[in-house]
Amino acid sequence: MTTEETNFDREFVYKIVILGDAAVGKTSLINRFVEDSFSEDYRATLGANIVRKDVNLNNTKVRLIMWDLAGQEKYQVVRSMYFQGCQGALLVYDVTRYSTFDSINSKWLRDFKKYVKKEGAYILIGNKSDLTNQRTVTEERGKDVANKIKASHFIETSAKIGENIEEAFALLVNQILNNHGVDI
Ligand code: G3D
Ligand code: MG
């Protein structure tokens, strides 16, 4: 996946949402992906934060419109708008907080399925893999749940040290293209 300018045979625009409990690292993941930067003091996102990034796969350009979740209360208000026209989701938990892992199935995936009926692609992400000493969710448990919820992929990331960020987004993009019958 690159971001260089070139001539494309095909272009697609996809909307994706980043779902997960507060402070799992959603905004940090997007910021790392988009700017390859990381800040220790992002303030709680207000409203829906919408970020764009173009990615190139062979001769195909994919424009990603990424919707970053707001504070939980606001989300209640804008939920249908948040999911409208969305093709994929990154389901994110924090490997150091088991409750955020439980929320994936009990809350975030349920919402996604409720609002995104057809061909919605989703992958499971365990973020903060750099915090090895504080880990409470093993990689194995992550994989198990990913299988159970039929996520197309599972990956552990660290927005802090920049581990597996491109890979995570590429997995989702590939799955979306796949669901739409696009060969890359
Ligand atoms: P959110 O958008 O899901 O609410 P944020 O989460 O991106 O705002 O991140 C919440 C906190 O977790 C931030 O810390 C951020 O720096 C930290 N964080 C995000 N990703 C990682 C990671 O991969 N590793 C580590 N160690 N920390 C991470 P603060 O202290 O600013 O609240
Ligand atoms: Mg945020």
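Counting begins at 1 with the first residue of the sequence.
A donor-acceptor pair under 3.5 Å links the side-chain atoms of N174 to the main chain of A170, judged by distance alone. No donor-acceptor pair closer than 3.5 Å links the side chain of R10 to the backbone N or O of V182. Looking at K160, its side chain never comes within 3.5 Å of a backbone N or O of D130 through a donor-acceptor pair. Between the side chain of S158 and the backbone N or O of S129, no donor-acceptor pair lies under 3.5 Å. Between the side chain of N127 and the backbone N or O of Y93 there is no donor-acceptor pair closer than 3.5 Å. Of the possible donor and acceptor atoms, none in the side chain of D9 sits under 3.5 Å from a partner among the backbone N and O of T60. Under a 3.5 Å cut-off, the side chain of N164 and the backbone N or O of E156 do form a donor-acceptor pair.
The structure places NZ of K15 at 12.0 Å from CD1 of I176, a figure rounded to the nearest 0.5 Å. Here the OH atom belonging to Y122 is positioned 7.5 Å from the NZ atom belonging to K150, to the nearest 0.5 angstrom. Annotation: the span from L90 atom CG to I125 atom CD1 amounts to 4.5 Å, rounded to 0.5 Å. Atom CG of L171 is separated from atom CD of E166 by 11.5 Å, given to the nearest 0.5 angstrom. Once rounded to the nearest 0.5 Å, the distance linking NZ of K143 with CD1 of I155 reads 11.0 Å.
Residues D54 and K61 meet the side-chain proximity criterion, which asks for heavy atoms closer than 4.5 Å. Contact check for K53 versus V34: side-chain heavy atoms found under the 4.5 Å cut-off. Looking at F112 and C86, their side chains come closer than 4.5 Å, going by heavy atoms from C-beta outward. Between F169 and I16 the shortest side-chain heavy-atom distance falls below 4.5 Å. Contact check for V24 versus R97: side-chain heavy atoms found under the 4.5 Å cut-off. At least one side-chain heavy atom of Y82 sits less than 4.5 Å from a side-chain heavy atom of L19.
The shortest non-hydrogen separation linking K26 to D21 is NZ-O, 2.9 Å. In plain terms, the two heavy atoms of A168 and I123 that are nearest each other are O-CD1, 3.3 Å. Of all heavy-atom pairs spanning I161 and R32, the tightest one is C-NH2, 3.6 Å. Across every non-hydrogen atom of Q175 and S152, the tightest pair is CG-OG, 3.2 Å.
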**Request:** Could you please spell out the steps behind the side chain to side chain contact (heavy atoms under 4.5 Å, CB included) verdict for T136 and V95?
**Result:** CA-CA 6 Å; T136 58; V95 300; over 6 Å; no

**Prompt:** Run the side chain to side chain contact (heavy atoms under 4.5 Å, CB included) check on V92 and W108 step by step: do they pass?
**Reply:** CA-CA 9 Å; V92 187; W108 302 113; over 6 Å; no

**Request:** Carefully, step by step, assess V62 and L64 under the rule side chain to side chain contact (heavy atoms under 4.5 Å, CB included).
**Result:** CA-CA 6 Å; V62 177; L64 287 180; 4.0 Å; yes

**Residues L91, L109; criterion side chain to side chain contact (heavy atoms under 4.5 Å, CB included); working and verdict** = CA-CA 7 Å; L91 300 171; L109 182 61; 3.9 Å; yes

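Remark: the R135 side chain and the T96 side chain contain no N/O donor-acceptor pair separated by less than 3.5 Å. Looking at Y98 and R141, their side chains do bring a donor and an acceptor atom within 3.5 Å of each other.
For E119, the CD atom sits in a packed shell: over 12 heavy atoms of surrounding residues, nucleotides or ligands are nearer than 6.0 Å. When the shell of 6.0 Å around CG of D183 is examined, it contains 12 or fewer heavy atoms from other residues, nucleotides or ligands.
At a threshold of 4.5 Å between side-chain heavy atoms, the hydrophobic network of Ile, Leu, Val, Met, Phe, Trp and Tyr places L131 and L124 in two separate groups.
Between K128 and D94 there is a salt bridge, since at least one side-chain N of the basic residue sits less than 4.0 Å from a carboxylate O of the acidic one.
Under the rule for a side-chain contact (heavy atoms from CB on, under 4.5 Å), the partners of I65 that lie at least two apart in sequence or sit in another chain are V13, I50, R52, R63, W67.
Aromatic ring centroids of F12 and H180 lie 6.0 Å or more apart.
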